[in-house]
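The structure appears right after this line, and notes come after that.
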There are 2 protein chains.
Amino acid sequence: MPRAADTAYATLRQMILSGEAAAGSRLGEAELAETLGLSRTPVREALQRLGADGLVEVLPHRGARVVRWSRADLEEIFELRALLEPYAAERAARRRPDAAVLAELTALCDAMERSGDPAEIARLNSAFHGAVIDASGNRRLPALLTSVMHAPLIVGTFRRYDAGALARSMNHHRELVAALTAGDPDWAGSVMRAHIRAAAAGPISEEE
Amino acid sequence: MPRAADTAYATLRQMILSGEAAAGSRLGEAELAETLGLSRTPVREALQRLGADGLVEVLPHRGARVVRWSRADLEEIFELRALLEPYAAERAARRRPDAAVLAELTALCDAMERSGDPAEIARLNSAFHGAVIDASGNRRLPALLTSVMHAPLIVGTFRRYDAGALARSMNHHRELVAALTAGDPDWAGSVMRAHIRAAAAGPISEEE
DNA sequence: CTGACGGCAATTGCATGCAATAGTGGCAAA
DNA sequence: TTTGCCACTATTGCATGCAATTGCCGTCAG
């Protein structure tokens, strides 16, 4: 039986990412505790962790709220991704990922191209990028990027993609796998950079 | 009156950074609670936050320990600093920091060159880098870098510096201020990159 | 003598009661 | 009518008791 705090964390995280907990909405400890069938203590710990992840903001004596992303936030986040993820791709290519990892990445590409559901695609996309980051060999990168990886999910980048942009994104993924297979750091890094910049161009230019 | 959890966090953080709490040592909740004159609840919250910062590792049902840095950890950390801090310096130069920030940086340089105490220098150095990161305008960078900024403090990079390396470090700081004053992003980024690489060369090549 | 099994102590994890704080609404005075 | 103040309420923060899990140590079989 897992720890109650972990289940609370996972549940709340899912609620936020799925949009069930709207941005800006208040997250009362007592209310969540009742909903999840737990006491306030594990809920409180989960909110702390989500605050550290940047998914909620906790103000002293004022509780927790789901963060609302401004356009400036998205710009900052895509800048950081454009910095860190190409680095991860370069390192991964230099390390020559083993066949199992490459097969996993290819499988994720297949699944993404097959699926039509934006939410499903977003999840597979996260898994893809996470696998590349893991393949970089730097064990600190995953933790660093969790705080900036889920933002596009909330905003729903993939919903804004038209058919052309979506196809381009898929092609980027395929090309990245090729670059990793070839073990070409510069190629892999460049593709990843283009991939992030292309993703940034959509949501940032619009709304708010 | 500040929150007890915050004081616990600040105290424990200071204990770890100063070396009072040795690397690998166990941090029992009850023991710390008694020492700090608090209950276990705020201590527990502080340990969670320190765990998110990467300063301690918390294992389920097994408590918290001060993390012990391996040579591989230091390599990873300096790689990330070499990526993120030059970016921060570039952005800061592009934004043209106002006179107050430049004066603060200069004052920190003065204080560092005046001081002879390694611990004092380390603190001033942290303040200097923190100010540059703040000047970048990206409000997410500080949080990202906290998890990798304190590692050199624990290892005590400055203790390993001979007189020549120390002087070079000071010169880097001065040059960085000049580059920021000139508003030259490429210059600022290059100096910062050299600064980090030079700092990495020392501790990584030795010990463990 | 070595290995495994079982009970035991210590510590974390969770629940709940109480205190403290911030937001809110009403009331009174200008 | 508006503004400032005060009490009230709802919520967070902290303390403490109890349950659950882990690691340890002694014992016993092989």
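All values derive from a computational prediction rather than experimental measurement. Numbers restart at 1 for each chain; the letters A, B, ... are given by sequence-line order, proteins then strands. Both backbone and side-chain heavy atoms feed into the values below; hydrogens, waters and symmetry mates do not.
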Assess the residue pair E45(B) and T41(B) against the criterion (side-chain contact (heavy atoms from CB on, under 4.5 Å)); give the C-alpha distance rounded to whole Å, side-chain angles, the decisive distance to 0.1 Å, and a yes or no. CA-CA 6 Å; E45(B) 179 176 332; T41(B) 307; 5.9 Å; no
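- For E45(A) and dC14(D), the CD to P distance is 15 Å, given to the nearest whole Å.
- When rounded to the nearest whole Å, the span between CZ of R44(A) and P of dA15(D) equals 12 Å.
- For the pair E34(A) CD and dT16(C) C1', the interatomic distance rounds to 14 Å; values are reported in whole Å.
- Heavy-atom nearest nucleotides on DNA chain C were determined for E29(B) and for R62(A), and the one closer to the 5' end corresponds to E29(B).
- Atom OH in Y9(A) sits roughly 19 Å away from atom C1' in dG13(C) (whole-Å rounding).
- The side chain of R26(A) contributes an N or O atom lying less than 4.0 Å from OP1 or OP2 of dT12(D).
- With distances taken from any side-chain atom of L38(A) to the nucleotides dC14(C), dG13(C), dA15(C), the minimum falls on dA15(C).
- In this structure, L27(B) places its CG atom 17 Å from C1' of dA10(C), rounding to the nearest Å.
- Separating the CD atom of Q48(B) from the C1' atom of dC14(D) is a distance of 16 Å, rounded to the nearest angstrom.
- Checked by atom type, the side-chain pair H150(A)/D53(A) shows no donor-acceptor distance below 3.5 Å.
- In this structure, L59(A) atom CG and dG13(D) atom P are separated by 10 Å, rounded to whole Å.
- Comparing dA15(C), dG13(C), dA22(C) against the side chain of P42(A) picks out dA15(C) as the nearest.
- Rounded to an integer number of Å, the gap from CZ of R3(B) to P of dT11(D) is 18 Å.
- Side-chain nitrogen and oxygen atoms of R40(A) include none within less than 4.0 Å of the OP1 or OP2 phosphate oxygen of dA15(C).
- Taking side-chain N and O atoms only, S39(A) has a distance below 4.0 Å to OP1 or OP2 of dA15(C).
- In this structure, R68(A) does not pair ionically with D73(A), as no charged nitrogen and carboxylate oxygen lie closer than 4.0 Å.
- Under the 4.5 Å side-chain criterion, counting only non-hydrogen atoms from C-beta, S169(B) is in contact with H195(B).
- No option in E90(A), E79(A), E85(A) other than E90(A) meets the salt bridge (Lys or Arg N to Asp or Glu O under 4.0 Å) test with R193(A).
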